[in-house]
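This report refers to the structure that appears directly beneath it.
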Amino acid sequence: MSWSDALLVFAVFFPIYVILRLPFLRLPLHIDTGFYVSNHLVATGTFQYRSGWNARYAGCSKVVPEFVYSFAYLIAQRVSPHGSSSYAISSRIVAMLYNFVTAGIVGMTLCQLWRPEPTVFLCAAITYAMLSSEAQYGVYYENGELFEIPFHAGALMLLVPGIAEQNMLYIALASFIAMTGSYFVKLSSIITWGIVFVVVGITNPATLVAFAVGALVATTLYVLWMFANRQSPLAMLEPLWGHETACGQRLTPGVIMDRLRSKMHGMLSVFRRQPIFPLLAIVGLFGMSDGQGLLCLYGAGLFVAYVFQAADCWYYRIPFLLPLAFLATVGLTMLQALMVHDVSIILPVVCLWAAHNTLRAIRMNRDQLARWVWDGHVATDTLTGDLELESVARSWRSELQGRTLFVYGSFNQAYAMLGASYPTAMVAAERYLDDMAPDWQSTLATQLVSDPPEYILDTGNVFASEVMRTQLGLDYKLHAIHADRFRLFRLERVANGGPCMVSARTYRPQSAAELQAERNRSGSIQVTHSNYTADANAEVLAKTLSTLGHAGLRNVAIYGAGQFTIRHATLLREATVNVAVVLDDQASETEDQFMDWPIVRPEQADEHDIDAIVICSDRHARIMDAKAKAIWGTRWPVVRWDRPEAEAVNPDTTEASHQRIERPLAEASA
């Protein structure tokens with residue numbers, strides 16, 4: 001096969017690639033939308049990077065993904081009115097085209113790493129296109145990791161001949177491309193390329209100067225970019241490190257090993273659900289000799305960066321698609337070359353697998369499709385909220401479109417779906433900002449008083465309207481409710497703020513009494529109900545609490561005052577066991593109440609009458625589990641919501657009390 005034939009076949013493959021991804025255009029928008037389509041873009045219709053989240057809180061990085069998704073949003077504006085039906089499709093079409101171009105770059109890179117043959121290019125490009133189109137591999141909603149891959153592939157493409165030929169220009173260009181991708185797409189890639197450059201430099205000292213020159217040029221451009229956006233390099237460190245600490249970043253062996261186990265479990269669960277390409281990659285491990293050392297070094301760098309990242313976001317695994325596609329291509333080529341009858345059918349099997357996934361996706365409704373694609377990645381109650389928000393958008397868009405709207409809670413995709421926004425770099429009022437910008441509530445209060453939005457959308461029962469009214473003088477009246485999780489408020493009156501205006505904390509999870517008082521004050525309002533069943537997480541948590549009650553326990557402490565606890569507040573209020581206190585690492589000394597319960601730091605748990613600790617977190621449960629045992633040692637049994645079983649951590653308890661806790665839990669689990 002000639003190069004022209006290979007390029008022609010790859011072009012002909014494009015319609016097949018589109019068919020593979022077409023069913024997934026129906027997926028709902030997810031909660032990361034607001035970080036790439038900024039509040040300012042929705043409000044003004046113009047790209048204003050310096051005013052958005054990524055310039056203020058993400059180290060002035062993620063420029064490429066924000067630009068691409070902003071471009072997709074502006075296309076959606078031109079094609080049809082604001083809303084999920086237009087932007088959700090346009091964003092995925094633009095990402096689809098970007099990913100197809102990336103597939104071509106991946107094919108050229110493997111030619112440099114392994115064999116410079118047209119068939120290798122074609123096989124690698126198609127393999128990557130098919131792999132990145134499979135469900136559960138993480139490429140079906142807004143993320144920055146997808147945009148890393150062409151930079152990584154381009155750097156490797158130049159690095160191989162640069163090292164082989166001692167061509168310092170190629171090596172410098174590879175360093176420049178790699179670091180540019182790190183600075184303008186994802187900062188954590190610096191870890192990956194730092195490892196690659198250091199190891200290559202140690203084994204080949206002549207390359208160190210070229211690496212340094214390329215990195216220096218990219219770093220200079222990045223610093224100039226920060227200054228152009230009126231950001232200080234030193235000021236960038238606080239929110240970046242705050243994000244890591246908010247996600248449980250602790251550089252201790254125990255935490256790192258627990259994080260490693262958790263992330264490996266997540267990655268292997270994806271491979272188990274979609275096994276064809278991982279199996280081919282295992283075969284490819286035994287067949288790639290040329291370029292294997294550099295590929296293994298690059299893979300090790302990806303792995304270290306992945307483990308270092310404190311959060312366990314599933315899209316952090318997307319960069320692994322590049323080495324996975326390389327090895328799968330090698331494995332596929334090896335098996336085809338064997339020309340054994342029973343093995344040579346591997347290519348048709350891969351094609352049938354892709355067809356099976358496509359047909360399966362076509363047969364599903366949108367609810368089923370979303371739950372299948374994001375199974376194990378996105379909390380089911382969050383996914384239910386994504387779907388419910390589409391009903392909210394259909395009902396409220398005509399009233400809100402073009403108005404000023406600020407979101408409280410995590411569902412920041414509401415801005416793009418409703419075509420309404422409030423220009424602020426914070427995106428939405430959320431608790432993780434306590435770590436990234438400790439004074440964010442006072443900053444927000446000052447902005448709200450000077451220019452109050454017409455509407456407030458509360459997406460998690462966390463908007464303290466009474467505080468807004470009494471301390472800021474902004475009277476927001478409850479206007480509509482959907483599914484008891486989306487509350488729309490409309491500004492009714494503006495008065496002078498109270499004496500505590502700057503210290504007003506308008507983001508505060510609301511108690512049952514506060515929610516009811518707001519409804520009573522508002523009188524007759526529009527109420528719509530959910531079309532979706534209770535999420536699986538709620539069912540498991542209810543089972544865990546019920547089992548504790550049957551075991552004879554009376555009072556429990558909830559460890560975790562995050563979104564998981566907020567979303568399941570009603571269930572906790574109605575549980576057979578009494579929630580005596582909420583424990584949280586970030587509990588403030590100035591606030592002693594979290595919804596219906598007192599809140600204290602974990603070290604203060606012994607001040608309350610409790611019989612067990614229940615860890616309530618979906619993302620950080622493993623880290624919190626380890627920390628709970630370190631803090632409380634042998635005092636109380638520690639139970640995770642996602643495991644209807646307890647560990648009796650007190651070895652001194654009697655056999656009877658030991659069985660009182662464990663036996664009913666084991667029976668319920670069975």
With rounding to the nearest 0.5 angstrom, report the [atom1] to [atom2] distance, [X] to [Y].
{"X": "Thr459", "Y": "Gln563", "atom1": "OG1", "atom2": "CD", "result": "7.0 Å"}
{"X": "Asn461", "Y": "Thr570", "atom1": "CG", "atom2": "OG1", "result": "7.5 Å"}
{"X": "Thr528", "Y": "Arg394", "atom1": "OG1", "atom2": "CZ", "result": "11.0 Å"}
{"X": "Tyr415", "Y": "Leu29", "atom1": "OH", "atom2": "CG", "result": "14.5 Å"}
{"X": "Leu389", "Y": "Met417", "atom1": "CG", "atom2": "CE", "result": "4.0 Å"}
{"X": "Ser269", "Y": "Gln136", "atom1": "OG", "atom2": "CD", "result": "8.0 Å"}

Main chain of [Y], side chain of [X]: is a donor-acceptor contact present, judged purely on distance under 3.5 Å?
{"X": "Ser546", "Y": "Ala542", "value": "no"}
{"X": "Arg601", "Y": "Asp585", "value": "yes"}
{"X": "Asn365", "Y": "Gln368", "value": "yes"}
{"X": "Gln447", "Y": "Leu444", "value": "no"}
{"X": "Asp592", "Y": "Pro598", "value": "no"}
{"X": "Arg431", "Y": "Ala561", "value": "yes"}
{"X": "Thr565", "Y": "Gly560", "value": "yes"}
{"X": "Gln441", "Y": "Tyr507", "value": "yes"}

Which is it for Glu145 and Arg317 under the salt bridge (Lys or Arg N to Asp or Glu O under 4.0 Å) test, yes or no, and what are the steps along the way?
CA-CA 8 Å; Glu145 283 70 14; Arg317 303 167 196 148; over 6 Å; no
Can you check whether Val614 reaches Val577 side chain to side chain, under 4.5 Å on heavy atoms?
no
Taking the side chain as every heavy atom from C-beta outward, state whether Met595 and Val582 have any atom pair closer than 4.5 Å.
no
So, [X] versus [Y]: side-chain donor-acceptor pair below 3.5 Å or not?
{"X": "Asn54", "Y": "Glu66", "answer": "yes"}
{"X": "Trp440", "Y": "Asp434", "answer": "yes"}
{"X": "His482", "Y": "Gln526", "answer": "no"}
{"X": "Glu514", "Y": "Ser511", "answer": "yes"}
{"X": "Arg519", "Y": "Ser522", "answer": "no"}
{"X": "Thr506", "Y": "Arg469", "answer": "no"}
{"X": "Thr44", "Y": "Gln48", "answer": "yes"}
{"X": "Asp611", "Y": "Asn555", "answer": "no"}
{"X": "Glu466", "Y": "Gln471", "answer": "no"}

Dump the intermediate steps for side chain to side chain contact (heavy atoms under 4.5 Å, CB included) on Phe411 and Val392, then the final yes or no.
CA-CA 12 Å; Phe411 291 89; Val392 170; over 6 Å; no
Apply side chain to side chain contact (heavy atoms under 4.5 Å, CB included) to Val540 and Trp641, showing your working.
CA-CA 7 Å; Val540 175; Trp641 74 270; 4.1 Å; yes
Taking atom NE2 of His608 as the centre, does the number of heavy atoms from other residues, nucleotides or ligands within less than 6.0 Å exceed 12?
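Atom NE2 in His608 is packed in, count exceeds 12.
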Would one find more than 12 heavy atoms of other residues, nucleotides or ligands at under 6.0 Å from atom CG of Asp484?
no
Derivation of the ring pair (Phe, Tyr, Trp, His ring centres under 6.0 Å) call for Tyr73 and Tyr87:
CA-CA 6 Å; Tyr73 181 79; Tyr87 172 67; 5.8 Å; yes
Could you go through Asp475 and Arg521, starting from their C-alpha distance and side-chain angles, then the distance that decides it, and tell me whether this counts as salt bridge (Lys or Arg N to Asp or Glu O under 4.0 Å)?
CA-CA 12 Å; Asp475 186 5; Arg521 192 182 78 87; 3.2 Å; yes
List the steps and the verdict of side-chain hydrogen bond (donor to acceptor under 3.5 Å, both in side chains) for Gln510 and Glu518.
CA-CA 10 Å; Gln510 299 292 281; Glu518 186 62 56; over 6 Å; no
Side chain to side chain contact (heavy atoms under 4.5 Å, CB included) partner of Ile613, the single match among Val556, Leu583, Ile558:
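It is Leu583, the one option of Val556, Leu583, Ile558 that forms the side chain to side chain contact (heavy atoms under 4.5 Å, CB included) with Ile613.
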Tell me, please, whether Phe489 has Lys477 positioned over its six-membered ring: NZ or CZ under 6.0 Å from the ring centre and within 45 degrees of its axis?
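Ring-cation test returns no.
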Which word best sums up how the rings of [X] and [Y] line up, parallel for under 30°, tilted for 30 to 60°, or perpendicular for over 60°?
{"X": "Trp374", "Y": "His30", "result": "tilted"}
{"X": "Phe564", "Y": "His568", "result": "tilted"}
{"X": "Tyr141", "Y": "Tyr315", "result": "perpendicular"}
{"X": "Tyr476", "Y": "Phe463", "result": "perpendicular"}

Verify salt bridge (Lys or Arg N to Asp or Glu O under 4.0 Å) between Asp375 and Arg371, making sure each step is shown before the conclusion.
CA-CA 5 Å; Asp375 180 28; Arg371 297 184 189 281; over 6 Å; no
Pair Arg490-Glu492, salt bridge (Lys or Arg N to Asp or Glu O under 4.0 Å): steps then yes or no
CA-CA 6 Å; Arg490 185 170 60 188; Glu492 296 288 331; 3.5 Å; yes
Please report the C-alpha distance between Ile610 and Arg554 in whole Å, then the side-chain angles of each, then the deciding distance to 0.1 Å, and finally whether the side chain to side chain contact (heavy atoms under 4.5 Å, CB included) criterion is met.
CA-CA 8 Å; Ile610 57 178; Arg554 295 177 295 106; over 6 Å; no
Passes ring pair (Phe, Tyr, Trp, His ring centres under 6.0 Å), Tyr455 versus Phe406? Steps please.
CA-CA 7 Å; Tyr455 291 89; Phe406 186 60; over 10 Å; no
